[in-house]
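The figures that follow rest on heavy atoms only: side chains count, while hydrogens, waters and symmetry mates do not. A note on names: the letters A, B, ... follow the listed sequences, proteins ahead of strands, and every chain is numbered from 1.
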Amino acid sequence: MTAPASTSDTTLGNNSHAARWPGRDRRPVRVRIAPSPTGDPHVGTAYIALFNYVFAKKHGGQFILRIEDTDQTRSTLASEEAILRALRWIGLQWDEGPDCGGPFGPYRQSERTAIYQQHSQALVDKGAAYRCFCSAERLEASRRARMAEGKSPGYDRLCRYLTKEEVSARLAAGDKYVIRLAMPLTGETRFFDGLRGDIVIDNATIDDQVLLKSDGFPTYHLANVVDDHLMQVSHVIRAEEWIISTPKHIQLYLAFGWEPPAFLHMPLLRNPDRSKISKRKNPVSLDYYRDAGFFPEALLNFLSLMGFAFGGDREKFTLAEMIEVFDWTKVSAGEPVFDLQKLTWLNGLYLHEMTPETLLTRLRAWRLSDEYLLKLIPLEKERIERMDQFIPAASFFLTGDLDYTGIISSLIPKNRDQLQTSQALSDLTDFLEEQVRHGWTHEALEKACRDFCEKTGWKTKELFMPIRIAVTGRAASPPLFETMVAIGKDLTRRRLRLAAQALLTYSAPVPAGTPAAAPATKSPPPAKPNKSS
RNA sequence: GGCCCCAUAGUCUAGCGGUUAGGACGUCGGCCUCUCACGCCGAAAACGCGGGUUCAAGUCCCGCUGGGGUCACCA
C-alpha cells in the first residue's frame with residue numbers, strides 16, 4: 001500500500017476569541033458524555049457530563065449518553081448500570097442513550113462493531129489507513145530501540161510500506177493484524193479549542209494510531225470519531241487529557257471526508273497535590289458521595305464551581321439557574337483542586353435550608369430506609385438486648401467518614417509499627433480494588449483479605465483487627481466481612497484509606513509517666529462524621 | 001525526556017490597561033447564646049520570576065521557573 005505523504009497543514013477553526021465558541025458552527029447543538037464502563041461511576045464523568053448538559057440545555061440541544069465499551073477485557077455491564085444509576089442520581093438526564101434509545105442508536109459501542117469494521121475498511125481502501133501485522137513483541141522491541149536512539153517511542157511504521165503482494169500473502173496466511181491510520185508525515189494540524197484558542201501540533205510527532213484492534217473491536221479513536229459523526233454530535237466537550245489526541249481525530253474526520261465538530265477541553269479535576277484526581281488520593285466514586293451523605297444537587301453545584309463562575313459572587317445556585325446564565329467566558333481553563341471541605345460546607349447550606357419534612361424524606365431515602373436498616377438488624381440483633389442499644393451499636397453503619405483521632409494506637413498490632421500497618425491497610429485497599437472490583441460479597445472479601453495476608457506475610461490474626469477498627473472504629477463489631485458488605489464498597493475503602501493516612505501522620509504521644517490512655521476499643525465513642533479531610 | 005496545556009492567598013475564583021486586587025472555603029479572633037452548631041462582625045493571607053510594549057500591566061508580548069497532561073491493540 002502507498003502511504004499518503006501529505007505536506008499540507010491542516011487548520012481547523014479560526015482565531016476568534018473563545019468567547020464566541022461555538023462561533024461559526026450553525027449546526028443544532030448535540031453533545032454527548034461517553035463513559036467507559038470499566039469501573040465505578042467517576043466524579044470526573046459527572047463533571048464533564050454537567051458541562052455538556054448545561055451547554056446543550058442552554059442552546060436547546062440534545063445531550064446523549066453513549067457507552068464506550070470497546071475494551072472487551074475491562075468493560076462490564078455492572079459498571080454500565082452503576083454509571084447510569086449514578087448519573088440519574090445526580091440529576092443529569094440524557095435525551096438519547098442505551099436505555100431510552102434514540103434516532104441514532106445503538107448507543108452501546110459493542111453493538112456497533114460492524115459499523116467500525118466497515119468504516120476502517122473504507123479507510124484502507126482509500127489508502128488512508130493500512131493493515132499492520134506487527135506482533136506485540138516486535139512493537140515492544142522497536143519501541144525500546146527507538147528510545148535508545150533518543151527518538152519518541154511510537155510505532156516505526158514498518159507495515160505502512162508493505163507491498164500489496166506482501167499484504168495479500170500475510171492475509172492468506174491468516175496472520176492477525178490491526179488497522180492503523182496513516183498520519184501525514186509532515187505539516188501540522190491546528191484546531192480551535194473553545195477554552196484555549198488555537199492549538200497547533202506537529203504531525204511528525206503523531207503516531208500511526210491503531211483504529212481497529214486485532215480482536216475486531218475499534219479503539220477509542222475510531223469508535224469515537226465514527227459515532228460522533230453518525231450521531232451528528234456538533235460539539236465535543238471532554239477532558240483535557242484528550243487534547244493531545246485531537247489531531248488524530250481531526251485527521252480521521254478528514255480521511256473520511258467529514259466535517260469535524262467543534263472541540264473544547266475542560267480542565268482536569270485535581271487531587272490536593274495537583275495530580276489528576278485519583279482514587280488513592282481522593283474519593284472519586286459518585287457512590288461514595290451518595291453514601292457519605294452528600295446531596296446530588298450540592299455535589300453538582302460544587303462541581304460547577306470547578307471552573308465556572310456564576311457572576312456576582314454567587315456560589316450557590318441550581319442547575320436551572322446555571323443554564324440561565326451560562327456561557328463559556330465564565331469558564332476558566334485553570335486546574336481546580338477538588339476540595340472536600342468546601343463541598344461539605346456547600347452541602348450544609350442545602351441541608352440547613354431544608355424543611356424538617358424534606359430532610360426526613362432525604363434521610364429515609366439514604367441510610368434510614370427500611371431496605372438499609374434491614375441489612376443491619378440481622379447483624380446487630382444478637383449483640384443487643386434492648387432496643388435502645390441498637391442505634392449506638394449500629395452508629396458506624398450510619399455515618400460516612402470516621403475520625404481515628406484517639407484510637408490510632410489501637411490500629412497498630414503488637415510487633416508491628418505504624419508505618420507497616422499504614423502500608424498494609426493502603427496496599428490492602430489497592431488489592432481489594434483489583435480483586436473485588438465486581439461482586440462486593442463477604443465471601444469475595446474474606447478470600448481477598450486472606451489472600452492478601454498470604455501474599456504479604458501478615459497473619460490474619462494481626463491484620464484483621466486493624467481492618468475492623470479502620471472500617472468500624474471499634475474492636476468489637478459484627479462479623480467483619482458482612483459489615484464491609486453492608487457499609488458498602490466505597491465507604492469501606494474510604495475508611496481503610498483514611499485509617500492508613502491517619503497512621504502515616506500520627507506521631508505517637510509517649511508522655512513518660514502518663515498511664516497509657518485507655519484503648520478506645522473498650523468503650524468506643526460513637527463514631528463521629530469527620531468533617532475535615 | 002519529546003510534545004501539549006495551565007499559572008491571582010493553603011484551596012475555589014472575580015478581575016478582561018488606571019481597583020485600598022473583590023467574594024467563598026479553610027484558619028484565627030469577637031458577637032449572639034444554657035452548650036454546641038447556625039448566623040453576624042472582624043483579622044491574617046495572593047497577582048511565581050525576569051524582560052519587553054505603554055504615560056500606566058495582575059491584565060498585552062517573549063523568556064524562565066513551577067505544576068499538570070500525554071506519549072497502549074485503555075479510555
Write down the distance between [atom1] ([X]) and [atom2] ([N]), rounded to a whole number of angstrom.
X        : N      : atom1 : atom2 : answer
A/Phe308 : B/rG23 : CZ    : C1'   : 15 Å
A/Tyr220 : B/rC71 : OH    : P     : 12 Å
A/Leu222 : B/rA75 : CG    : P     : 11 Å
A/Arg146 : B/rC71 : CZ    : C1'   : 12 Å
A/Trp345 : B/rC38 : CH2   : C1'   : 14 Å
A/Glu315 : B/rG22 : CD    : C1'   : 12 Å
A/Leu212 : B/rA72 : CG    : P     : 19 Å
A/Tyr47  : B/rC12 : OH    : P     : 11 Å

Considering every strand and a 4.0 Å limit on heavy-atom distances, what is the contact class for [X]: base, sugar-phosphate, or nothing?
X        : result
A/Thr70  : sugar-phosphate
A/Gly348 : nothing
A/Arg180 : sugar-phosphate

For [N] versus [M], give the span between their [atom1] atoms, rounded off to a whole number of Å.
N      : M      : atom1 : result
B/rA37 : B/rU33 : C1'   : 11 Å
B/rC34 : B/rG15 : P     : 45 Å
B/rG23 : B/rC40 : P     : 14 Å
B/rC64 : B/rG58 : P     : 22 Å
B/rG18 : B/rU35 : P     : 50 Å
B/rA44 : B/rC62 : P     : 37 Å
B/rU70 : B/rA75 : C1'   : 13 Å
B/rG10 : B/rA46 : C1'   : 11 Å

Should [N] form a Watson-Crick or G-U wobble pair with both distances under 3.5 Å, which nucleotide is its partner?
N      : answer
B/rC40 : B/rG30
B/rG1  : B/rC71
B/rC49 : B/rG63
B/rC55 : B/rG18
B/rU11 : B/rA24

So is A/Arg180 actually on top of A/Tyr130's ring, under 6.0 Å and inside 45° of the axis?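 That pair does not qualify as a cation-pi contact.
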Please tell me which of the listed nucleotides, [options], lies nearest to the side chain of [X]?
X        : options                : value
A/Arg196 : B/rU13, B/rC3, B/rC6   : B/rC6
A/Arg143 : B/rC4, B/rG23, B/rA72  : B/rA72
A/Asp71  : B/rC25, B/rA75, B/rC73 : B/rA75
A/Ser332 : B/rA14, B/rC3, B/rG26  : B/rA14

Applying side-chain hydrogen bond (donor to acceptor under 3.5 Å, both in side chains), which residue pairs with at least one partner in residues 294-312 of chain A are found, sequence neighbours left out?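 Of all non-adjacent pairs touching residues 294-312 of chain A, those that pass side-chain hydrogen bond (donor to acceptor under 3.5 Å, both in side chains) are A/Glu297-A/Arg362, A/Asn301-A/Tyr350.
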Need to verify one output field. Residue with the more 5' nearest nucleotide on RNA chain B, A/Leu343 or A/Val337?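 By nearest-heavy-atom nucleotide position, the 5'-most residue is A/Val337.
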On RNA chain B, does the nearest nucleotide to A/Arg74 precede the nearest nucleotide to A/Pro272 from the 5' side, or the other way round? Give the residue.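 Residue closer to the 5' terminus by nearest nucleotide: A/Pro272.
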Which residues share a side chain to side chain contact (heavy atoms under 4.5 Å, CB included) with A/Asp207, sequence neighbours left out: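 With neighbours one apart ignored, the set is A/Tyr155.
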Mind checking side chain to side chain contact (heavy atoms under 4.5 Å, CB included) for A/Gln435 and listing every partner two or more places apart, or none if nothing turns up?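 Scan of A/Gln435 (side chain to side chain contact (heavy atoms under 4.5 Å, CB included), adjacent residues dropped) gives A/Phe431, A/Ala448.
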Polar-atom pairs under 3.5 Å, protein N or O versus N or O of nucleotides 66-69 of chain B: list them with distances, or write none.
residue, atom, partner, partner atom, Å
B/rG67, N2, A/Glu335, OE2, 2.8
B/rG68, O4', A/Arg270, NH1, 3.4
B/rG68, O2', A/Arg270, NH1, 2.4
B/rG68, O2', A/Arg270, NH2, 2.9
B/rG69, OP1, A/Lys276, N, 3.2

Check this for me, if you would: do A/Arg66 and A/Asp228 make a salt bridge, where the nitrogen-to-carboxylate-oxygen distance has to be below 4.0 angstrom?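 A salt bridge links A/Arg66 with A/Asp228.
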Kindly write out the residues that satisfy ring pair (Phe, Tyr, Trp, His ring centres under 6.0 Å) with A/Tyr53, not counting sequence neighbours, or none if the list is empty.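 With neighbours one apart ignored, the set is A/Phe63.
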Which class fits the ring pair A/Phe263 and A/His265: parallel under 30°, tilted 30 to 60°, perpendicular over 60°?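 If you compare the ring of A/Phe263 with that of A/His265, the planes turn out parallel.
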Give me the one residue out of A/Lys279, A/Arg290, A/Arg437, A/Arg493 that meets salt bridge (Lys or Arg N to Asp or Glu O under 4.0 Å) with A/Asp40.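 Passing option: A/Arg493.
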Would you say B/rA75 has OP1 or OP2 under 4.0 Å from some side-chain N or O of A/Lys213?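 Indeed, a polar side-chain atom of A/Lys213 lies that close.
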Pairs involving residues 345-359 of chain A, ordered by first then second residue, that meet salt bridge (Lys or Arg N to Asp or Glu O under 4.0 Å) (sequence neighbours left out):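 Residue pairs passing salt bridge (Lys or Arg N to Asp or Glu O under 4.0 Å), neighbours aside: A/Lys316-A/Glu353.
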Using only heavy-atom distances, decide whether a donor-acceptor pair under 3.5 angstrom links the side-chain of A/Thr219 to the base of B/rC73.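 Flag unset: no donor-acceptor pair detected.
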Can you list the steps and then say if A/Tyr116 with A/Phe217 is a ring-ring contact (aromatic ring centres under 6.0 Å, His included)? CA-CA 8 Å; A/Tyr116 309 124; A/Phe217 275 73; 8.7 Å; no
